[in-house]
Protein chains: 2
Amino acid sequence: MKCCEMKGYLTYLILWIIGKNSMNGAEIGRELEKRRGTKPSPGTIYPALKELKKKGLIEIDENKNYSLTPEGKKELKSSCKFFCNIFYDMEEMSDFCE
Amino acid sequence: MKCCEMKGYLTYLILWIIGKNSMNGAEIGRELEKRRGTKPSPGTIYPALKELKKKGLIEIDENKNYSLTPEGKKELKSSCKFFCNIFYDMEEMSDFCE
DNA sequence: TAGTATATATCGGATAACCAATACTACACA
DNA sequence: TGTGTAGTATTGGTTATCCGATATATACTA
């Protein structure tokens, strides 16, 4: 996977994952590991969460569970549209790799 | 689209696009414009093509038409699998943004 | 021939994205 | 009280990714 590593989807994915179920940082890490194959290092995930929080897109409760703010939901929806527009033919991709 | 810009998918997209139809640089640019909304600058697309060519994934004919090499096809397939694994729930995404 | 539009290409740089290493915190349990 | 484990967090980078500006090539047209 030297070429086409597709960096850059991580922040979007975090929003997407949290949007489905609010969870803590470690759980997010495990969920990302399932998808990517490798577990992101703490130095990847916590700064990303911090940034999203700073932007007001996610919030954190007393149990360190992260969830989307109303703004975060809006942003997720808009990013999702963007994503689906770029990959409008993703079903073909699914078919293509069996 | 400040957050979640999703940089990093471009090279993969180029492989995907060329895999469907071989075309020249300008046509690739227009295809990307359709998907992203903005047209990538020449300084984006030609270096990317150069890099892919250098890696032996694409080749260019006398009419400057780019197409996948056998290696490129393999790489596309592998990247595609990677992509589909990361976004295994992409149908939900499609539904989510109407 | 000159002029215009389109396509190709390079260069230098900005910044986003990510990671490894490290340290701190909280909690269980012996 | 001490030890171990899991989770949280920061720091200091490295690198990929992409863009703006600029230049060259090609080709069509007046």
If you measure from NZ on K20(A) to CG on L76(A), what distance do you get to the nearest 0.5 Å? 11.0 Å
Decide side chain to side chain contact (heavy atoms under 4.5 Å, CB included) for L13(B) and R35(B); before the verdict, give the C-alpha distance in whole Å, the side-chain angles of both, and the deciding distance to 0.1 Å. CA-CA 10 Å; L13(B) 256 188; R35(B) 293 171 181 259; 3.8 Å; yes
Tell me, please, which residues at least two apart from K34(A) pass salt bridge (charged side-chain N to carboxylate O under 4.0 Å, His left out). E31(A)
Grab the two heavy atoms, one from E5(B) and one from Y9(B), that are nearest each other, plus how far apart they are. O-CE2, 3.9 Å
Decide whether a cation-pi geometry holds between K77(A) and F96(B); the criteria are a distance under 6.0 Å from NZ or CZ to the six-membered ring centre and an angle within 45° of the ring axis. yes
Hey, can you pull the donor-acceptor pairs under 3.5 Å for the side chains in residues 43-52 of chain A, sequence neighbours left out?
none

Side chain of S22(A), backbone of I18(A): donor and acceptor closer than 3.5 Å? no
Expressed in angstrom and rounded to an integer, what is the separation of [X] atom [atom1] from [N] atom [atom2]?
X      : N       : atom1 : atom2 : answer
L52(A) : dA17(C) : CG    : P     : 10 Å
E62(B) : dA27(D) : CD    : P     : 13 Å
K64(B) : dT24(D) : NZ    : P     : 15 Å
N65(A) : dA26(C) : CG    : P     : 17 Å

Dot-bracket for DNA chain D, please, read 5' to 3', with Watson-Crick or G-U wobble pairs under 3.5 Å on both distances, ( ) within the strand, [ ] crossing, | other strand, . unpaired. ||||||||||||||||||||||||||||||
Would you jot down, in residue-number order, the residues of residues 23-33 of chain A having a non-hydrogen atom under 4.0 Å from DNA chain C? none
Presence of salt bridge, E71(A) and K55(A), under 4.0 angstrom: no
Which residues pass the ring-ring contact (aromatic ring centres under 6.0 Å, His included) test with F87(A), not counting sequence neighbours? F83(A), F83(B)
Heavy-atom side-chain contact between C84(A) and M90(B) under 4.5 Å: no
So what does Y66(B) touch, heavy atoms closer than 4.0 Å: a base, only the sugar-phosphate, or nothing? sugar-phosphate
Give a yes or no on this: more than 12 heavy atoms of other residues, nucleotides or ligands lie within 6.0 Å of atom NZ of K39(A). yes
Would you give a per-nucleotide map of nucleotides 10-22 of chain D, 5' to 3', where B means the base has a protein non-hydrogen atom under 4.0 Å away, S means only the sugar-phosphate does, and - means neither? BB-----SSBBB-
